[in-house]
Structure formats: C-alpha cells, structure tokens
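Every heavy atom of this structure was used, including side-chain atoms; hydrogens, water molecules and symmetry mates were not.
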2 protein chains.
Amino acid sequence: MTKTILVVEDEKDILNLIEWHLRAEEYSVLKAKDGIKGLNLAVEQLPDLIILDLMLPGMDGLQICKALKKNQKTENIPVVMLTAKGEEVDRIVGLELGADDYMVKPFSPRELTLRVRAILKRFDNKSEAPEAVKLKYKDLLIDMDSYRVWIQEKEIALTVTEFKLLQELLQNKGRVRTRDQLLDRVWGYQFDGYARTVDTHIRRLRQKIGEEYADAIETVRGIGYRFKE
Amino acid sequence: MTKTILVVEDEKDILNLIEWHLRAEEYSVLKAKDGIKGLNLAVEQLPDLIILDLMLPGMDGLQICKALKKNQKTENIPVVMLTAKGEEVDRIVGLELGADDYMVKPFSPRELTLRVRAILKRFDNKSEAPEAVKLKYKDLLIDMDSYRVWIQEKEIALTVTEFKLLQELLQNKGRVRTRDQLLDRVWGYQFDGYARTVDTHIRRLRQKIGEEYADAIETVRGIGYRFKE
DNA sequence: CTTGAATTTGACGATTATGTTACGAAATGC
DNA sequence: GCATTTCGTAACATAATCGTCAAATTCAAG
C-alpha cells in the first residue's frame, strides 16, 4: 500500500533533496534525470504520482506531461509540475496540459510533502469511484457513469434518487442497510427527513424494476433493506 | 450513552452559541477558551468529539491537533477544525495533521449539529465494524452483516429479536446469560417487560433451529440460558 | 414419591413496521 | 414562465411480530 513517486529533475541536488524527504514520509521513490528516461520509467512502473521539472534536457516537462496524458495507462497518474521562479507564465499552460498541481522553486520540504499527500489523497478517492462503474445482478445492469439501468438490455427509467438507492443496495449486496444508513448515503447526512421516505422510494424502485427484481430487494423487518446475494 | 463534546474557542459569543446548540441536541458540552486548557480537558475527560478553532491564544488549533493525535488516549477522538474565511490555505494542512473535518466560519448552527452528528456516527461505525461478522456452531452459521442464519447451507428465517437473541447467546458461548441480561442486551435497557418474554422467544428460536441445535441452547434452571460450548 | 417452583408450550390480542396510495411542493426541462 | 417530473410527507391498509397469559410439563429437593 506504500505509494511510489517518480521524480524527474535534472538538478542532482534538488533531486536528492526531494528523494530524501519523500522517503522520510515512507514513500517509495523512482528517479530520472532527463525527460526520456522519466517517460519510460513512468510507463514501465506506473507510479502513483509524478513530480516533473518544467525545464529538462532531452524532453521538457510539458512534452512529457502531454505524452503521459495521451497514454491510457498513465493518463490518470497525477502530475505535480516544478517551475523555477520567473517561469510563472507557463503555469497555466502546464495545468492546462494536464498537470494536477505545481510548485514554485524554491519550496520547503514541508510544502512538498503536504502537497504530495494532499494530491494522493484526492486521487485515491477518485480512483475508488471508477473501480466499479458497472454493477450487475442477473440481467439487471447499472452503469454508475451514465446513471442508467438496464434489465435484459431494456433500459429502465429511474430518477436519480431511485438510482442512488439501487446502487447503494447493490453495492452492498447481501448486507443489510438500515434506513438511517440509506438516508445518510443516498440523501446525504444533511438531510433530516423521515425514515418512511426510504420506504416510499423503495416502493417506487421495486415497481419500476418488475417483480423478479423487486423481490431481490428484501425487507429485513425492524432493520432495513438488503439486496439479495 | 449521551456523547460529550469539547469545544475549544476563544471568542466567547461563538463558544456560547455552539454550546447552546449542542445542548439542544442533547450533547454534553465541555468548554475551553484557550489551547492549553483545551488540551488538558481533552486528555482528562476524553470527549467523544472535539471542535477546535484554528486561531487560538496560547496554542493554536494545529498544535493541539498534533498533540492529540500523538497521545494514544486521544488519537482516535475525531476533531472538527473551525477556520475563518480566508484561512482556507490551511485546510489541507489541518486535515493532513489529523483533523477529521473542518468548517468555515461563519457557519449555521444547523450545519454544525448535522456535521457533528455525521462525524460521530462515522466514528461509531468504525469502532463497531471490525467486530466479528460471522459466528459458527457446528453447521449453524450466522452473519451479522446480513442478519441471516443458515443450518447446513439452508437458510433459517428468524425475526430480528430471535436473531439478536441467538447472536447474544452464541457470542457468549459457554457462559450463562440471565434473563435480565438478555432483556438488557437484546431488548434494550429501556424495555420493562417480564422475564417470561425471554422464555417465549427462546421457545420460538428453539423451534426454528431444529432439535439438534435447540438442545445446544441449554436451560440453566433458576438462572437463565447458555449456549453449549 | 411428593410437592412446589421453574420452565415449556400454545394461543391470542395488541402493537408495530411496512406497504400502498394520494397529494402538494419543489425541482426540472422546455 | 409554463408544463412536467420528481420528491417528501401524510394517511390509511395490511401483515408480521410481539408480549402476555395460562395451562401443561418438567425438574429438583426432600
């Protein structure tokens, strides 16, 4: 679970400094001193994050970034761009080309590690979502990307609430979700409505998906609902 | 079971406002007006949640947070950081240092109490979840996640009360539970029914799980019941 | 073996949780 | 800005579950 970070930087001292601080934070570090090597390493090792100097021999940071974002394998790896003071004009360009953050040299080690941690956390969450974009139960298929549902190839029109409810139940197939849990996760914790609201939506959902699948949403009396395993 | 919340905030008005709203929600409130006192109170009283202003005299929110997370006794207490608008830069830092949520002033009382409730719930679940979710005795298997019970792969339909009763006995395999204990733990301490009620449910339970397993629930005359080791 | 207490058992009415439908308000789309 | 959809709530219907009671049975002690 320890994260790997690729650092592409031609100035040896800075490279080592960064490496040292990242290792202190228990990250695994890969190093490259020019753009070509950096790009190759990135594709081979698929690190969890890439720190990229803007000015590089061989192939500069912008080009590498562009290349990374074009490659399906690497397009989702977050990139932090390092720029020297005075290169500020290029900031926007760098971000537009797909970099996810930047830092202006000189930066403090503390700033670096905080930034890295923050970005990794952000992308962790991101990558959790796309994990399962599609859920299935028998011939019922739901696509979390497009918020659509099919039963035997035929699309079923669900409202957003119904969709989320179905998704939440299906995602936890076999586990009972209490009404409170469902309210929290489908409606959001800021909603303070009645638990009966859940019932009503369960009812509508069941109606729309037809008897066979309606029965798959089991009522656990006194607790809540559960999608049949 | 009423939760205690420590509020560390130097502005008297805000402190009282927060206190008032939390009390309205039946929380027990501790107050501190500077960081040092806050930290001491936290360690002494071990509240269930700490609301921490970022800007404080004596010792600022970040330092306190850091200190709390270093102390084994307090490291698992959730912290909500309060930041004034414009201090947003510190958000990440605050969260990185272990705060579990933050709120930007000014916030509405409603937002506060909802947030508090959500966080407490989240942490409640955390400490409950890692418990064993499955119990076994011979070919009898119970799954606390789905509230289901099987005997030799065949599912047995139990009501929630029966399920909890079985679970309670099985969890304390070999130990005798008095009827009063069972009433407390299965029905809840607020229930004031007769001990005979337990008998009836034991009866129904025994009936449903079949002779072999019925016999595993032993009657300890004059005391209560015990699940055979 | 007798006896009283404890437990088992079955029945029943009460209670409670959920299903169902309807309706007005809010959100959404055109 | 109007028409339509979607939502949350309430009210009622239905069904599952419960707690209590009382009679039957078992148990243990003498």
Side-chain angles (χ1 to χ4, degrees), chain A residues 147-149 155-169 176-211 213-228, chain B residues 147-149 155-169 176-211 213-228:
Chain A
Y147 278 70
R148 297 201 292 173
V149 178
E155 185 166 356
I156 307 293
L158 295 187
T159 68
V160 177
T161 312
E162 287 156 3
F163 182 88
K164 285 193 199 161
L165 186 57
L166 177 60
Q167 171 190 328
E168 179 62 24
L169 288 170
V176 179
R177 302 262 93 163
T178 67
R179 292 179 175 73
D180 279 346
Q181 285 174 329
L182 290 170
L183 281 175
D184 262 15
R185 308 188 61 116
V186 174
W187 279 260
Y189 69 87
Q190 27 174 346
F191 176 76
D192 67 338
Y194 297 81
R196 306 304 306 286
T197 296
V198 178
D199 296 351
T200 302
H201 282 268
I202 288 278
R203 147 92 176 131
R204 288 171 181 152
L205 183 54
R206 279 175 171 160
Q207 203 161 265
K208 285 190 181 177
I209 62 181
E211 196 181 357
Y213 295 93
D215 290 344
I217 301 175
E218 300 176 310
T219 304
V220 181
R221 199 162 229 273
I223 308 286
Y225 297 94
R226 168 187 59 204
F227 206 100
K228 205 188 266 181
Chain B
Y147 282 77
R148 297 202 290 175
V149 177
E155 183 167 357
I156 308 293
L158 296 186
T159 70
V160 177
T161 313
E162 288 155 5
F163 182 89
K164 287 190 193 162
L165 186 56
L166 177 60
Q167 172 190 326
E168 179 62 24
L169 288 171
V176 182
R177 303 263 92 164
T178 67
R179 292 179 175 75
D180 279 345
Q181 283 175 329
L182 290 171
L183 280 176
D184 264 13
R185 308 189 58 115
V186 174
W187 280 261
Y189 66 95
Q190 16 121 20
F191 177 73
D192 67 334
Y194 298 81
R196 303 279 117 246
T197 296
V198 178
D199 296 349
T200 300
H201 282 269
I202 288 280
R203 147 87 177 134
R204 287 171 181 155
L205 183 54
R206 279 174 170 159
Q207 203 161 264
K208 286 188 181 177
I209 61 181
E211 197 180 355
Y213 295 92
D215 290 344
I217 301 175
E218 300 177 311
T219 305
V220 181
R221 218 182 161 74
I223 310 286
Y225 298 94
R226 168 183 58 201
F227 206 100
K228 206 188 267 179

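Remark on DNA chain D: of its neighbouring residues V160(A) and W187(B), the 5'-side contact belongs to V160(A), judged by nearest-heavy-atom nucleotide.
Among Y225(A), W187(A), F163(A), the single residue meeting the ring pair (Phe, Tyr, Trp, His ring centres under 6.0 Å) criterion with H201(A) is W187(A).
Mapping heavy-atom proximity under 4.0 Å, the span of DNA chain D touched by chain B runs 5' to 3' from dT17(D) to dA28(D).
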Exercise. Using a 4.0 Å heavy-atom cut-off, write out nucleotides 25-30 of chain C from 5' to 3' as B (base contacted by protein), S (sugar-phosphate only) or - (no contact).
Key: ------
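Distance check: T197(A) OG1 to L182(A) CG gives 12.0 Å after rounding to the nearest 0.5 Å. Atom CG of residue L205(B) and atom CD1 of residue I217(B) lie 4.0 Å apart, to the nearest 0.5 angstrom.
For the residue pair Q181(A)/R185(A), the side-chain donor-acceptor check at 3.5 Å is not satisfied.
Within 6.0 Å of CD in E211(A) there are 12 or fewer heavy atoms belonging to other residues, nucleotides or ligands.
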Exercise. For side-chain contact (heavy atoms from CB on, under 4.5 Å), just list the numbers for I202(A) and L169(A), CA-CA rounded to whole Å, side-chain angles, deciding distance to a tenth of an Å, and then say yes or no.
Key: CA-CA 10 Å; I202(A) 288 278; L169(A) 288 170; 3.9 Å; yes
Practice problem: Give the C-alpha distance, both sets of side-chain angles, the deciding distance and a yes or no for salt bridge (charged side-chain N to carboxylate O under 4.0 Å, His left out) between E162(B) and R204(B). | Solution: CA-CA 8 Å; E162(B) 288 155 5; R204(B) 287 171 181 155; 5.3 Å; no
List every contact pair, protein side and nucleotides 11-17 of chain C side both N or O, where the distance is under 3.5 Å.
| from | atom 1 | to | atom 2 | distance (Å) |
| --- | --- | --- | --- | --- |
| dA17(C) | O4' | R221(A) | NH1 | 3.3 |
| dA17(C) | O3' | G222(A) | N | 3.4 |
| dA17(C) | N3 | R221(A) | NH2 | 3.0 |

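Judged by distance alone, with hydrogens and angles left aside, R206(A) brings no side-chain donor or acceptor close enough to the base of dG19(C) to form a pair under 3.5 Å.
The closest donor-acceptor contact from the side chain of K208(A) to the backbone of A157(A) lies under 3.5 Å. Distance alone, capped at 3.5 Å, places no donor-acceptor pair between the R226(B) side chain and the R177(B) backbone.
Rounded to an integer number of Å, the gap from H201(B) NE2 to dT8(C) P is 14 Å. Counting to the nearest Å, the P atom of dA6(C) and the OH atom of Y194(B) are 17 Å from each other. In this entry the distance linking CD1 of I202(A) with P of dT20(C) reads 12 Å, nearest Å. Computed from coordinates, the K208(A) NZ to dG19(C) C1' distance equals 18 Å when rounded to whole Å.
Heavy-atom minimum distance, V186(A) versus L165(A): CG2-CA, 3.9 Å.
Salt-bridge check for D199(A) with R179(A): passed, with a basic side-chain N closer than 4.0 Å to an acidic carboxylate O.
Using a 4.0 Å heavy-atom distance criterion, T197(A) is classed as a base contact.
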